[in-house]
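A quick write-up on the structure given underneath.
Since the structure is predicted, the reported quantities are computational estimates derived from the model, not experimental observations. Computed over heavy atoms, backbone and side chain alike; hydrogens, waters and symmetry mates excluded.
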Amino acid sequence: MPDPLLDHLVSTTGLTAAEARRVIEDVVAFHRESVEDYVRRRHAHLKTYGARNEEIFDRLAVELAQRVVAAPPLTARQLRRIVYG
C-alpha cells in the first residue's frame with residue numbers, strides 16, 4: 001500500500017525509505033504517549049536538571065497545550081497528582 005507521508009519525506013529530505021519510516025514511527029510513538037506518562041517523564045527529566053516543582057508544573061501546562069493533539073487544560077494540582085499520586 002502506498003504511503004504518501006513516507007514518499008514525501010523521502011523525496012524532500014534525502015532520507016532513505018528505511019530512515020524515513022523510522023522517523024515516522026518515532027513521531028507517532030511520541031504523540032501516542034499518554035498525558036500521564038508524558039507528565040511523569042518530563043517532570044523527572046526537568047527535576048534531574050534542578051528545576052523546582054512550581055516552575056515544572058507551569059512549564060508542563062504550556063507544553064501540554066502546545067501538543068498537536070492538546071491535552072485538556074490541567075491545573076498545577078492535577079499535574080502534581082499525576083506525578084505523586
Kindly indicate, with the supporting measurements, whether the criterion side chain to side chain contact (heavy atoms under 4.5 Å, CB included) is fulfilled by Thr13 and Val23.
CA-CA 11 Å; Thr13 65; Val23 169; over 6 Å; no

Pairs satisfying side chain to side chain donor-acceptor pair (under 3.5 Å), at least one member in residues 66-76, at least two apart
Thr75-Gln78

Using the side chain to side chain contact (heavy atoms under 4.5 Å, CB included) rule, take Glu25 and Val28 through it: C-alpha gap first, then chi angles, then the decisive distance, then the call.
CA-CA 5 Å; Glu25 289 170 358; Val28 169; 5.9 Å; no

Atom pair NE2/CD1 of His8 and Ile24 - distance to nearest 0.5 Å
10.0 Å

Please identify each residue that fulfils ring-ring contact (aromatic ring centres under 6.0 Å, His included) with His31, with sequence neighbours left out.
none

Residues passing the side chain to side chain donor-acceptor pair (under 3.5 Å) test with Arg59, sequence neighbours excluded, are Glu63

Would you say Arg40's side chain and Ile82's backbone share a donor-acceptor pair under 3.5 angstrom?
yes

Trace of the side chain to side chain contact (heavy atoms under 4.5 Å, CB included) decision for Leu15 with Val10:
CA-CA 5 Å; Leu15 296 173; Val10 169; 5.5 Å; no

Leu60 CG to Leu74 CG distance, which is reported to the nearest 0.5 Å
9.5 Å

Hydrophobic cluster membership, with links at side-chain heavy-atom distances under 4.5 Å among I/L/V/M/F/W/Y: are Val39 and Tyr84 in one?
yes

Euclidean distance, Ile56 CD1 relative to Tyr49 OH, rounded to 0.5 Å
13.0 Å

Quick one: list whatever passes side chain to side chain donor-acceptor pair (under 3.5 Å) with Glu33, sequence neighbours left out.
Arg41

Is a donor from one side chain sitting under 3.5 angstrom from an acceptor on the other, for Asn53 and His43?
yes

For Arg81, which residues count as a side chain to side chain donor-acceptor pair (under 3.5 Å) partner, sequence neighbours excluded?
none

For the student: nearest non-hydrogen atoms of Ala20 and Leu9, plus distance:
CB-CB, 3.9 Å

Distance check, rounded to the nearest 0.5 Å: Leu64 atom CG versus Arg42 atom CZ?
10.0 Å

Those residues at least two apart in sequence (or on a different chain) that pass ring-ring contact (aromatic ring centres under 6.0 Å, His included) with Tyr38 are none

